[in-house]
Amino acid sequence: MNGRLAVIGLGPGPLDLLTAEARAAVEQADALFGYGPYVDRLPVRDGQARHVSDNRAELSRAQAALMAAEAGACVAVVSGGDPGVFAMAAAVCEAVEHGPESWLNIAVTVHPGITAMLALAARIGAPLGHDFCAISLSDNLKPWPLVERRLRAAAEAGFVMALYNPISRARPWQLGAAFDLLRGVLAAETVVVFGRAVAREDERIDITTLGAADPARADMATCILIGSAETRIVQRGALSPLVYTPRSAPA
Ligand code: SAH
């Protein structure tokens, strides 16, 4: 009964952005648990079972993985990006806290991955070079007024923001409402970057302003950066622009 559970971040897309540690943890696993598109990115290995579930079934997936680990398997739960950013690591911790006492003895390791906002930031320069925060716009797991309160507070405090889960078929209006709220606090020239499918074949990056930001440019695979008053764009002739936030803020 020496089962263990590894929660593994796969990075934003291609496996060359997977850390060597995470790759080794995937290879060692007897069973993989995860959302279908993430599990599908991994090469098939003989004898490795695959348990694919819907991306909303996080807690039940964590529980199923813990049960398999308790039965003696070496289990991997995989997430896109980093597993601790709006993903499976917290679901596993929650399942352990509220589960049977025996689950407290299962060895759990978390293997970090490159989260979407870092992959996007690296593509365009250094927009997260000063203080920043990450906010999920999904109101599936928290009430919308709380999202609004956090957006307003972050904008007033001068944070650059990375918005995750900006829009989906079930949540069509939230991103537009977020832009409207932010336009009431930040200047229309504030830099906004849409990063869709960053580091994947169909990547698309749009650099625009808050005044011109169109929610229709985003989908479920988009991470959006909202600059601070200090965030700048350096135009470079034939080369794509550099977007950065200086290391120092004005007094
Ligand atoms: N754990 C993931 C985030 C899961 S929440 C991570 O660390 O990246 C899902 C949201 O992540 C998406 O709605 C989108 O906002 C963002 N996202 C994930 N992969 C992305 C990618 N390759 N490009 C842009 N955004 C991405």
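Every number for a ligand or one of its atoms is a count from 1 in the order of the listing.
- With respect to the salt-bridge test (charged N to carboxylate O, under 4.0 angstrom), the residues R196 and D202 qualify.
- The protein heavy atom nearest to atom 3 (C) of ligand 1 is V85 O, 3.5 Å.
- Interface of T115 with ligand 1, defined as ligand atoms under 4.0 Å from a residue heavy atom, comprises 6 (C), 7 (O), 8 (O).
- Residue A199 does not touch ligand 1, judged by heavy-atom distances below 4.0 Å.
- Close approach of ligand 1 to P166 (heavy-atom distance below 4.0 Å) involves ligand atoms 13 (O), 15 (O).
- Residue contact check for ligand 1: G80 places a non-hydrogen atom closer than 4.0 Å to it.
- Protein heavy atom nearest atom 12 (C) of ligand 1, with residue, atom name and distance: M220 O, 3.0 Å.
- Of the possible donor and acceptor atoms, one in the side chain of R61 sits under 3.5 Å from a partner among the backbone N and O of D54.
- Using a 4.0 Å cutoff on heavy atoms, G195 counts as a contact of ligand 1.
- Using a 4.5 Å heavy-atom threshold, the side chains of I205 and S240 count as separate.
- The minimum heavy-atom distance linking I167 with P215 is given by the pair CD1-O, 4.1 Å.
- More than 12 heavy atoms of other residues, nucleotides or ligands lie within 6.0 Å of CZ in R236, so this atom counts as buried by the packing criterion.
- For ligand 1, the atoms closer than 4.0 angstrom to any heavy atom of A87 are 1 (N).
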TODO: Take S53 and H51, measure what side chain to side chain donor-acceptor pair (under 3.5 Å) needs, and give me the verdict at the end.
DONE: CA-CA 7 Å; S53 44; H51 302 276; over 6 Å; no
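- Proximity of T222 to ligand 1, defined as any heavy-atom pair under 4.0 Å, is confined to the backbone N, CA, C and O atoms.
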For residues 133-142, please give each side-chain donor-acceptor pair under 3.5 Å, one per line with the distance, not counting sequence neighbours.
| residue | atom | partner | partner atom | Å |
| --- | --- | --- | --- | --- |
| S136 | OG | S138 | N | 3.2 |
| S136 | OG | N165 | ND2 | 3.1 |
| S138 | OG | N140 | N | 3.2 |
| S138 | OG | N140 | ND2 | 3.4 |
| D139 | OD1 | Q174 | NE2 | 3.3 |
| D139 | OD2 | Q174 | NE2 | 3.1 |
| K142 | NZ | S136 | O | 2.8 |

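- The ligand atoms of ligand 1 that sit less than 4.0 angstrom from a heavy atom of R200 are 19 (N), 20 (C), 21 (C), 22 (N).
- Proximity of a side-chain donor or acceptor of Y164 to a complementary backbone N or O of M117 within less than 3.5 Å is detected.
- What sits closest to atom 9 (C) of ligand 1 on the protein, heavy atoms only, is N165 OD1, 3.3 Å.
- Of all protein heavy atoms, the one closest to atom 4 (C) of ligand 1 is F86 O, 3.5 Å.
- Using a 4.5 Å heavy-atom cutoff, the side chains of R217 and T208 are in contact.
- Of the protein's non-hydrogen atoms, the one nearest atom 11 (O) of ligand 1 is Y164 CD2, 3.3 Å.
- Neither the backbone nor the side chain of A119 comes within contact range of ligand 1; no heavy atom lies under 4.0 Å.
- Scanning the protein for heavy atoms near atom 26 (C) of ligand 1, the closest one is A116 CB, 3.3 Å.
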